[in-house]
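Since the structure is predicted, the reported quantities are computational estimates derived from the model, not experimental observations. Chain naming here is simple, since letters A, B, ... match the order of the sequence lines and numbering starts at 1 in each.
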Protein chains: 2
Amino acid sequence: MQQIAKGIWKIVLGEPEEFTPEHFRQFSVRTEAIEQIPVSRECRVSEEKIHWRKTKRGITVTLPMETQEDIYGFGLQLQGFNQAGRRRYLKVNSDPAANTGESHAPVPFYISSAGYGLFVNTFRYTTFLCGTNSERGQSSGMTAENEIHEEFSEAAIYALKRAKEERKIIIDIPAAEGVELYLFEGNIPEVVQRYNLFSGGGCVPPMWGLGMWYRIYGGSDEKALEKLAEQFREEKLPMDVLGLEPGWHSHSYSCTYKWSYLFPHPEEMIEKMSQQGYKLNLWEHLYVYPKAPFYKELVPYSGDYEVWNGLVPDFATKGASELFENYHRDTFVKKGIAGFKLDECDNSDYNPSNWAFPDSTEFPSGMDGEQMHQAIGTLYQNLIYRIYRKENRRTYSQVRSSGALAAPLPFVLYSDLYDHKQFIRGVVNSGFSGLLWCPEVRDCANGDDLLRRLQTVVFSSHSLINSWRIPSPPWKQTDIEKNLAGEPMDTADYYTAECRKLFELRMSLLPYLYSAFVEYSHSGKPPIRALVMDYPEDMAARMVDDEYLFGESMLVCPLTYEEGTSRKVYLPQGRWYNFFTGMAVEGGRTMETEAAYNEIPVFVKDGAIIPLAKPVMHVDKDTVFEMTVKIFGEADGRFVLYEDDFATFDFEEKQKRIIIEKHPGSKLTIQTEAGDTSRYRFI
Amino acid sequence: MQQIAKGIWKIVLGEPEEFTPEHFRQFSVRTEAIEQIPVSRECRVSEEKIHWRKTKRGITVTLPMETQEDIYGFGLQLQGFNQAGRRRYLKVNSDPAANTGESHAPVPFYISSAGYGLFVNTFRYTTFLCGTNSERGQSSGMTAENEIHEEFSEAAIYALKRAKEERKIIIDIPAAEGVELYLFEGNIPEVVQRYNLFSGGGCVPPMWGLGMWYRIYGGSDEKALEKLAEQFREEKLPMDVLGLEPGWHSHSYSCTYKWSYLFPHPEEMIEKMSQQGYKLNLWEHLYVYPKAPFYKELVPYSGDYEVWNGLVPDFATKGASELFENYHRDTFVKKGIAGFKLDECDNSDYNPSNWAFPDSTEFPSGMDGEQMHQAIGTLYQNLIYRIYRKENRRTYSQVRSSGALAAPLPFVLYSDLYDHKQFIRGVVNSGFSGLLWCPEVRDCANGDDLLRRLQTVVFSSHSLINSWRIPSPPWKQTDIEKNLAGEPMDTADYYTAECRKLFELRMSLLPYLYSAFVEYSHSGKPPIRALVMDYPEDMAARMVDDEYLFGESMLVCPLTYEEGTSRKVYLPQGRWYNFFTGMAVEGGRTMETEAAYNEIPVFVKDGAIIPLAKPVMHVDKDTVFEMTVKIFGEADGRFVLYEDDFATFDFEEKQKRIIIEKHPGSKLTIQTEAGDTSRYRFI
C-alpha cells in the first residue's frame with residue numbers, strides 16, 4: 001500500500017492494464033490541498049482485508065462490508081441512491097432502462113460510510129456487488145418456519161432488505177489480469193473532497209456559463225436565430241448562451257463539422273450574436289462523415305467499425321486528437337464559438353440505429369471497444385478543454401458521457417430521459433463522483449410542468465432550456481405539435497412572466513454559485529451536494545435522494561408536476577430559514593411542505609450569508625454586479641465572494657477575495673483583499 | 001468442418017470450454033429424423049467465411065451478412081422479433097426492461113434467411129451484433145450534404161434503418177479461448193427443425209398437461225383448496241391442474257421443501273384431489289433454506305455465496321443432483337405430485353432482494369457464476385425430468401429459465417412481465433428456439449382484459465390462470481383489493497360464462513394440439529410458430545410478430561384489451577377460413593379485422609382438417625374423446641391423430657395413428673393403424 005497523499009493510498013493487484021483513467025490523466029493531483037482535508041472517521045478497510053483472485057473471466061476483488069454500511073457514488077446514477085445491498089454494473093449506456101448501475105457517466109468510485117472511498121482504475125465494464133449475498137453457510141443458523149405470510153405480492157417478496165450479517169463488497173472486473181485501487185480515507189464529504197482533489201480539483205466555469213442557456217429549434221436558420229435573440233432581449237428574458245443543434249452541420253448523423261445552408265454567413269452571425277451579448281454553443285458528435293474536411297487523414301486513426309456511416313476517431317492517438325483539435329480551434333474556437341455540446345459519445349444498448357461501435361472494435365492505439373466506450377467521453381472532453389486552455393479562454397460545455405477523474409473538466413452531463421424525479425436524483429448523485437448534471441427542460445406536459453422543471457434547472461449547475469424540437473420557447477406553447485404549427489397557448493403571457501422570474505432568480509445567484517465553484521476547485525467540495533454530504537452522521541439523511549445543497553448554505557427541495565403542490569421535506573437538526581420568506585423552521589424532522597406551481601421550497605442554514613446580484617440580462621466582460629446581502633438567523637457567519645475576469649484562466653494566479661462576515665448582533669462587514677473590488681458593487 | 005448429420009456441421013475454433021450446453025446434453029441427436037428434413041435453401045455461409053480471433057476479452061467470431069438478411073431466434077425474446085440490425089446480449093435476466101436481448105431464456109442460436117442457422121455452444125454472456133455497424137471506410141463514398149431534415153425528434157434520429165451494404169454478424173464471447181459452432185442448413189423452418197432434432201426432438205406432454213391449469217392463492221390452506229376444487233366442478237369449469245404457490249413450504253424464500261401448517265395432511269389432500277380428477281403442481285425454487293431436510297448434506301455441493309439465505313446447489317455435481325432427485329422422488333413424485341413450478345432460477349439484474357448469486361461465484365464442479373446462471377434453468381429441468389422418466393410418468397411442468405437444446409424438456413416458461421403485447425410476441429418467438437412459453441393470465445385491468453388475455457392463453461402451449469395474489473378466480477373479481485376483501489363484481493356471472501366458453505374451446509382442441517406435439521417430437525416442427533416459419537419466402541411475414549400458427553393449420557391473431565375491438569391481420573397468399581364462422585377470406589393482404597371482447601380472430605388454412613373433441617371437465621387415464629371433424633375449403637387434406645396412454649413414456653414404443661383424409665368432393669375417410677382406436681370416438 002503506497003501513500004499518494006494524506007489519506008490516499010494506492011494498492012496494486014497483479015498486472016494492471018495499460019489503458020486506464022489514470023493513464024489519460026490531464027490534471028495533477030492537488031497534494032497540498034489534500035493536506036488541508038481532515039480524516040474525521042477511521043477507515044474500516046485495510047490492505048490485508050482486501051482479497052482478490054484471477055480467474056478466466058478477469059479478476060475479482062472482495063472487501064468486507066458492515067451490517068449498517070451505506071454506499072454512495074458510482075457516477076451519474078439516475079435510478080438509485082444509497083447503493084447498499086445493490087449490484088452496480090458500470091457500463092456506459094445512454095438509455096439505462098432499469099436500476100442496474102448503467103449510466104451515461106459510470107464512475108468506478110464509491111464512498112462508504114465506513115470511513116473510506118474506493119476508486120478502481122479501470123475502463124472495464126466492472127460490476128460492484130455491495131453486500132448483495134451472504135456467503136455459503138452464513139445463514140446456517142436460521143430456523144424460522146411456519147411464520148405467517150402477511151402479503152402475497154411481488155413487492156413483498158422482492159423488497160430490499162438490509163443484511164443482518166456482515167457481507168462482502170465484490171468487485172468483478174472482466175478481461176483484466178490486475179488492477180490499481182485507490183483508497184480514500186475520511187467521512188463521506190472528506191472522501192469526496194479527497195477524490196476530487198486527487199482528480200485535479202473542481203472546474204471553475206466562466207461566469208457566463210452559469211447564466212441562462214437556450215438551445216434553439218433544430219430546423220432554425222440564421223434568421224430564426226436572430227429573431228429569437230432579439231425577442232429574448234425585447235421581452236427582458238435574461239439569456240447568456242444560445243446553442244445550435246444538428247441542423248448547423250451540412251450533414252449530421254454522422255457529422256461534417258461544416259456549416260450547412262441554414263447558416264450561410266457564420267462569421268457575421270457569430271459577430272452579431274456577440275454584439276448582443278450572446279455566446280454560441282455548437283452541437284456535434286464525434287462520428288465523422290465522409291464529407292468532413294479531415295475525413296481522409298482520420299482513417300488510419302479510427303476504429304475498425306463505423307457508427308452512422310462515420311469514422312470513430314481514436315482519441316488515444318495523437319493523430320486523431322490533433323486533427324480534431326486543430327480543426328476545432330481554427331474553424332470554431334478562434335472564430336468565437338464559446339463551447340460545444342458533445343453528443344452521443346455514450347453507448348446505447350438497445351437503440352437500433354447503429355449507434356454504438358462493437359465492444360470488440362480494434363483501435364489503432366491498442367484499446368478495444370469496451371475500453372473506448374468507457375473512455376471516449378472523457379477523452380473528447382480533454383481534447384476540447386485543451387483547445388480553450390491554450391487560447392486562455394474558459395469554456396462551459398456539455399457532454400453526454402463522462403467517467404472517472406472528471407472533476408476539473410468544465411463539462412455538464414445531460415440526457416433525454418424525461419422523468420423529472422430521476423433528473424432530480426441525478427442532481428443529488430452527481431456530486432459524489434466529480435460530475436455536473438443538467439436536469440434540462442425539454443418536453444413538458446403543460447405550463448405548470450414547465451415551471452416545475454425550470455425550478456430544478458435554475459437550482460442546478462447548468463440552467464438550460466433545450467428547445468431543439470420546437471421553434472417557439474416552451475413558455476409560449478408547451479404542446480409540440482401546436483408549437484410547430486405556430487399556435488401560442490392562451491396562458492403564454494402568464495408563463496412568460498413566471499419563467500422570467502425564475503431566470504432572474506438564477507441571475508441573482510450567479511456570484512453565490514461562482515463562489516461554490518471556486519471552492520470546488522480549492523477544496524474538492526462540490527457546488528451541489530446530497531444532504532448526506534453535509535450531514536454524514538445524520539442517519540435520516542442517508543436515504544434522502546430528492547433534496548440537495550446548492551452552494552454553501554441553500555437546501556433545495558424541488559417538486560415534480562406529478563407531485564402536485566406539496567411534498568415531504570426532511571430538514572436536519574437545527575434551525576432553518578425559508579429562503580424566500582425568511583421564516584424560521586425547526587429541523588430534525590420531516591414535514592409536509594406546500595408550494596404552489598410557481599413556488600419551490602428552498603431552505604437556508606442558520607447563520608448563512610447569501611449575496612444576491614441584481615439580475616443582468618447577460619454577463620459581459622465588464623459586467624459589474626450590484627450586490628445585496630441577505631442574512632439568515634442569529635448565528636455568526638461568513639461568505640467569500642471571488643473576483644477575477646470571470647472568463648480566462650488568469651484567475652488561477654490573480655483572484656481577489658471579498659470577505660463578508662456577520663458578527664454578534666448581526667453586524668455585517670465586507671472586506672476586499674488586495675485593493676478594491678471592481679466587479680461587485682454593494683448597494 | 002465436421003458433418004454431424006444431414007445439413008448439420010460442427011466447427012471448432014480454438015480451445016472450447018468444458019462446461020457448455022452440449023456438455024450437459026441429456027438427449028441424443030435424432031440423426032434419422034434429421035435425414036427426412038430437406039435443404040431447400042442454399043447456405044450462404046461456409047467455413048472459410050467465418051473468421052475469429054482471440055483477445056484479452058475472450059473471442060470474437062464474424063460471419064458475413066447480406067443487405068436483406070433477416071435474423072430470428074435467440075431464445076425467448078419478449079421485446080424484439082426480426083433481429084436484423086440489432087444487438088442481442090444473451091444474458092439470463094428475469095426482468096429485461098429494454099430490448100437488449102436479455103431474457104429468462106436466452107439461447108445462443110439464430111436462424112438467418114440466408115439459408116442457415118448457427119448455434120454457439122457456450123454458457124458465456126455472449127453478444128451477437130446482427131449487422132449493426134459498417135466497417136471502417138465502407139461509407140467513404142457517401143456524399144450527401146445539405147439535405148433537408150424533415151423532422152426533429154428522437155424517433156426520427158434513432159430509427160432502425162436497414163443497411164445498404166453488406167455487413168457482419170459479430171459474435172463476442174467473453175472469457176472463452178475457443179468455442180464450438182454448429183451450422184444448420186436449410187430455409188427458416190428447416191433450420192429450426194434441424195436444431196430441434198439435434199437437441200433431441202420436441203417434448204410430448206401428457207394429455208392432461210394440455211388441459212386447463214389454475215394456480216391458487218398464496219395464502220390458501222387445504223380447506224380453501226378443496227373448496228375451490230369443488231367450485232370448479234360445480235360451475236362446470238374444465239380444470240386439470242391446480243398449482244400451489246410458496247405458502248405450501250414451511251419456509252420460503254429460500255425453501256424448505258416441507259409442507260407448512262397450511263397443509264397438515266398432504267397425502268390425504270393429494271388423494272382427495274386425485275379422486276376429483278385434479279393433478280397437483282408444486283411451486284419451488286432451488287435456493288435451499290437451512291431447515292430443508294437435505295441442507296447439511298448439500299453444503300459441499302453448493303456455490304460459495306447464498307441466495308435469500310439459502311444454498312445454491314451445484315447441479316453439475318452428482319452430489320447435489322442426487323440429493324434433489326431422491327428427495328423429490330420420495331417425498332413428492334411417488335406420492336402423486338404431477339409436476340413442479342421451478343421459479344427464480346433466472347438471474348435478476350436490478351432486483352434488490354439478494355436474488356442472484358455473483359457471476360464470480362465458485363461452484364464445486366468448477367463452473368463459475370456466469371456459466372451457472374446460463375445453465376441452471378436447464379440443469380434443474382433435467383433433474384426433475386429424470387425423476388419422472390425413471391418412474392415412467394410424463395410430467396408437464398413450469399420453469400422460469402431455460403436455454404439451449406431444451407426442445408425435449410416438457411417445461412413451459414412463464415414470467416411476471418405484464419404487457420400483453422410482449423406476452424404475444426413471446427408466444428411467436430418461442431418456437432424459433434425449442435422453447436415453450438405461457439402467456440399466463442395474472443393481473444387484469446377488468447373483465448374484458450381478462451377475456452383478451454385468456455384468449456391468448458387458450459391458444460398457447462400452456463393454458464394457465466395464475467391467481468396466486470387473489471383468493472377468488474378473476475372471473476369473480478379482477479380488482480385485487482376487492483378480491484382480497486371477498487367482494488365479487490356485478491358482472492361475475494357474465495365473465496364466468498365467457499371464461500367457461502374459452503376453457504371449453506381449449507378442451508375441444510386437446511387432440512389437435514396433442515398431434516402437434518407428437519409431430520414436434522418426430523420432425524422438430526414446433527406446435528406454435530411465427531408466420532415466417534410456415535411462409536419463409538413471404539417478405540411481409542418476415543416482420544409479423546403478433547400472429548402465430550397454432551398446431552398444423554390455425555392462424556391465431558390475438559387482440560390486447562388496449563387495442564379495443566379491431567386489429568390489423570396479415571394473411572399470406574391463398575384462401576383462408578374463419579375458424580368460428582367458416583367464412584372464406586382471400587389472403588395476400590393485411591386487413592382490419594373486428595373482434596368483440598369475447599371474440600378472437602382465428603383463421604384456418606385451405607384444406608385444413610381440424611378434429612374437435614367434446615370438452616371434458618378434465619383428462620383422466622381412461623378419458624375417451626368424442627370427436628367431430630371440421631373441414632375447411634375444397635382442397636384435399638390430411639390430419640393424423642395420435643393415440644397412446646397419454647400419460648407414460650410407453651408412447652415412444654406403442655402409438656397408434658388415426659389418419660383422417662379429405663378426398664376430392666370433400667369425402668372424408670378415417671383409418672386407424674393397427675386395430676381400432678379406444679381413446680377417440682367419432683360422432
Side-chain angles (χ1 to χ4, degrees), chain A residues 55-57 60 85-86 97-100 129 132-140 142-146 149 152-154 157-160 170 172 174-175 218-219 247 250-251 253 256 260-261 290-291 299 302 304-307 309 349-354 357-360 368 370 416 468-469, chain B residues 55-57 60 85-86 97-100 129 132-140 142-146 149 152-154 157-160 170 172 174-175 218-219 247 250-251 253 256 260-261 290-291 299 302 304-307 309 349-354 357-360 368 370 416 468-469:
Chain A
T55 71
K56 286 186 66 172
R57 300 176 52 256
T60 303
R86 295 202 173 257
N99 185 13
T100 59
L129 297 99
T132 53
N133 299 74
S134 42
E135 289 171 84
R136 176 175 45 211
Q138 239 186 323
S139 307
S140 59
M142 288 192 174
T143 57
E145 279 188 280
N146 290 313
H149 287 262
F152 291 89
S153 70
E154 287 78 10
I157 286 176
Y158 300 130
L160 175 65
I170 303 169
D172 208 23
S250 67
H251 184 277
Y253 287 66
T256 54
S260 75
Y261 70 98
K291 296 297 284 181
V299 173
S302 58
D304 61 353
Y305 282 95
E306 298 179 343
V307 168
N309 304 113
D349 263 1
Y350 67 94
N351 188 294
S353 69
N354 320 325
F357 46 86
D359 288 345
S360 60
D368 59 45
E370 175 181 354
D416 41 10
W468 84 288
R469 292 189 61 180
Chain B
T55 70
K56 286 185 65 171
R57 299 175 55 255
T60 302
R86 297 204 173 254
N99 185 14
T100 59
L129 297 98
T132 54
N133 299 75
S134 42
E135 289 172 85
R136 176 175 45 211
Q138 239 187 323
S139 307
S140 59
M142 288 192 173
T143 57
E145 278 189 282
N146 290 313
H149 287 262
F152 292 89
S153 71
E154 288 77 10
I157 286 175
Y158 300 130
L160 174 64
I170 303 169
D172 208 23
S250 67
H251 185 277
Y253 286 65
T256 54
S260 76
Y261 70 99
K291 296 297 282 181
V299 174
S302 58
D304 61 352
Y305 283 95
E306 298 179 341
V307 167
N309 304 113
D349 263 0
Y350 67 95
N351 188 294
S353 68
N354 320 325
F357 46 87
D359 288 345
S360 60
D368 59 44
E370 174 181 354
D416 41 11
W468 83 288
R469 294 189 61 179

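No other option in B:Ala175, B:Pro174, B:Gly85, B:Gly247 has as many heavy-atom pairs under 4.5 Å with chain A as B:Ala175. Most heavy-atom pairs under 4.5 Å with chain A, from the set B:Arg469, B:Lys291, B:His251, B:Arg57: that is B:Arg57. Most heavy-atom pairs under 4.5 Å with chain B: of the set A:Ser250, A:Gly137, A:Pro290, A:Gly219, this distinction falls to A:Ser250.
Of the atoms belonging to B:Arg86, it is side-chain heavy atoms, and not backbone ones, that fall under 4.5 Å from chain A. For a residue to count as touching a neighbouring chain, one of its non-hydrogen atoms must lie under 4.5 Å from one of that chain's; by this rule B:Thr60 touches chain A with the side chain only. Of the two parts of B:Pro358, the backbone and the side chain both hold a non-hydrogen atom closer than 4.5 Å to a non-hydrogen atom of chain A. Interface residue B:Ser302: backbone and side-chain heavy atoms are both found under 4.5 Å from chain A. For chain B, no part of A:Thr55 is nearby; none of its heavy atoms comes within less than 4.5 Å. Contact annotation for B:Asn309: both backbone and side-chain heavy atoms come within less than 4.5 Å of a heavy atom of chain A. If you measure heavy-atom distances from B:Asn133 to chain A, the contacts under 4.5 Å come from both the backbone and the side chain. With a threshold of 4.5 angstrom between heavy atoms, B:Tyr253 approaches chain A through side-chain atoms but not through N, CA, C or O.
Closest heavy-atom contact between B:Val299 and A:Arg136: O-CD, 3.5 Å. Minimum heavy-atom separation, A:Ala98 to B:Ala97: CB-CB, 3.7 Å.
B:Glu306 contributes a side-chain N or O that, together with a main-chain N or O of A:Ser139, makes up a donor-acceptor pair within less than 3.5 Å.
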Give the C-alpha distance, both sets of side-chain angles, the deciding distance and a yes or no for side chain to side chain contact (heavy atoms under 4.5 Å, CB included) between A:Asp304 and B:Glu135. CA-CA 6 Å; A:Asp304 61 353; B:Glu135 289 172 85; over 6 Å; no

Taking it one step at a time, do B:Leu129 and A:Tyr305 satisfy side chain to side chain contact (heavy atoms under 4.5 Å, CB included)? CA-CA 12 Å; B:Leu129 297 98; A:Tyr305 282 95; over 6 Å; no

